[in-house]
Protein chains: 2
Amino acid sequence: MSEDTVPQNTEERIKEAARKVFMEKGFDGTTTRDIAEAAGINVALTNYYFRSKEKLFRMIFEDAHREFFHESHELLQRPISLREKIPQLIASDFRLFAKNPNLSLFLITERHRHPELLATAKEAPPAVLFFLNQVQEAVTQGEIRPVAPAHVLQLIMANVQFVFLSKPIMFQCTNISPTAYAEFVSQHQQLVTQMIMIYLFDF
Amino acid sequence: MSEDTVPQNTEERIKEAARKVFMEKGFDGTTTRDIAEAAGINVALTNYYFRSKEKLFRMIFEDAHREFFHESHELLQRPISLREKIPQLIASDFRLFAKNPNLSLFLITERHRHPELLATAKEAPPAVLFFLNQVQEAVTQGEIRPVAPAHVLQLIMANVQFVFLSKPIMFQCTNISPTAYAEFVSQHQQLVTQMIMIYLFDF
DNA sequence: CAATGTTTTAAACAGTTGATTAATTTTTTG
DNA sequence: CAAAAAATTAATCAACTGTTTAAAACATTG
């Protein structure tokens, strides 16, 4: 995905610049001239390749949306036990958001501010439904604590994504150093995994 | 705070309208004309009372920031055990964000997008430091599982705030009905409290 | 090489933005 | 009530916005 090499292909170069700027400043905070400058091209070219700022944004958002669901897609419906699956899901999400620290804020903000632009973000992904069923099944079998499956999804998403959302406020509250923070994040992944597993399986 | 009665005081009416619009659409997505319309006044009046959009925004953000910390301020340094304090903190935060569903997204987004405008959001609040010390003390005394205090703060914030941040995506993933969702949120508060308490105290 | 198609550019357009102005209405006060 | 002060308005400003245009530069090909 995000290679450091600048692509010679102009269309791709615009798309990458747009992704970078949109992710950082959001749809409202981004101007076509911002994107053009980031891509090192003339303003008119963004409209030459993508017909409008809106269409370009739609494309970027849908890519990001896909990236978010694609990461866990296969894992969610893999035929393994929850005891294996949940720690792997957490690890996989931590990896995704560590690689892409703005992704969570971007998806949440734009979904909230511009729901009309987001055709993709409508139907429930089948892989998620599969996972929810698996949780329900585990509850029925008495393997895990009896909870509505949505809670498990909520727990995983919250405890992974919020780490990246709250980075600035955690810096303020704890006066932590940047190097120590990286260590903190990695420790938190372990802690969250352990906490959720204990909660679900030891009851 | 947010009375439903429209205040006759013009300054207050502008401020309330600004708060509403800024919270919903963010700094970049808001125009001075949006605010004027929401307040039912002429555009020029926003600059008559507050000298610029930026100054008005600063005021709104700082209010929101204060509101966020004020809610827990007293509770954080109350001389009670963590066994009592943590569930109360979670309950207090749930109450705050339920009353103000956009607060979390607003604070996180604007802090990320416009750090230069936010003078307030710099120093660590003493009440938070008090709480972190109390956690450290409890660890030393062997009362709770040995964890770095920042993790506890992170757990509480994540598991409360993300519920409100993820409302749209949870609707997508679970096809839940609006009435069922309210029940889900209330259940999740219980679940999260229980999970964190078990994790910290049973080890 | 000339003709043709593609990519890129500078310039411009109409609409919107935050902000100011100068005039008008409303309120206060001596 | 009249004069002064304060609040409110419509009109306007320059800067910026997304988008389009028409011309230039570049590449392709017969």
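Residue numbers begin at 1 in each chain, while the letters A, B, ... track the order of the sequences.
- Just one of B:Phe106, B:Phe27, B:Phe61 meets the ring-ring contact (aromatic ring centres under 6.0 Å, His included) condition when paired with B:His114; it is B:Phe27.
- Regarding A:Leu45, its CG atom lies at a distance of 16 Å from the P atom of C:dA11, rounded to whole Å.
- Of all nucleotides listed (C:dT8, D:dT21, C:dT20), C:dT20 comes nearest to the side chain of B:Ala44.
- A:Asn47 places its CG atom 19 Å from the P atom of C:dA11, with the value rounded to the nearest Å.
- Closest-nucleotide positions on DNA chain C for B:Ser52 and A:Val43 were compared, and the one nearer the 5' end corresponds to A:Val43.
- Between A:Thr32 and D:dG18, a side-chain N or O to OP1/OP2 separation shorter than 4.0 Å is present.
- Between the NZ atom of B:Lys25 and the C1' atom of C:dT16 there is a distance of 13 Å, given to the nearest Å.
- Atom CD1 of B:Ile41 is separated from atom P of C:dT26 by 17 Å (rounded to the nearest Å).
- Side-chain contact annotation: B:Gln187 with A:His151, donor-acceptor N/O pair under 3.5 Å present.
- Atom P of nucleotide C:dT21 and atom CZ of B:Arg51 are separated by 12 Å, given to the nearest angstrom.
- Taking 4.5 Å as the limit, every side-chain heavy atom of A:Leu82 sits out of range of all side-chain heavy atoms of A:Val152.
- Within 4.0 Å (heavy atoms only), B:Thr46 reaches no atom of the nucleic acid at all.
- The phosphate of D:dC16 (OP1 or OP2) has no side-chain N or O of A:Thr31 nearer than 4.0 angstrom.
- Contact annotation: A:Tyr48 side-chain N/O to C:dT7 OP1/OP2 distance is under 4.0 Å.
- When rounded to the nearest whole Å, the span between NZ of A:Lys55 and C1' of D:dT20 equals 15 Å.
- Dashed line: the shortest gap from a side-chain N or O of A:Asn42 to OP1 or OP2 of C:dA10 is under 4.0 Å.
- Rounded to whole Å, atom P of D:dT9 lies 14 Å from atom CD of B:Glu37.
- Counting any heavy atom pair closer than 4.0 Å across all strands shown, A:Phe50 reaches no nucleic acid atom.
- For the salt bridge (charged side-chain N to carboxylate O under 4.0 Å, His left out) condition, the pairs that include at least one residue of residues 73-87 of chain B, sequence neighbours left out, are B:Glu74-B:Arg78.
- As a whole-Å value, the separation of A:Asp28 CG from D:dT17 P is 13 Å.
- Heavy atoms of B:Tyr49 sit under 4.0 angstrom from primed sugar atoms or phosphate atoms, though from no base atom.
- Note: B:His65 and B:Phe69 have perpendicular aromatic rings, judged against thresholds of 30 and 60 degrees for the angle between ring planes.
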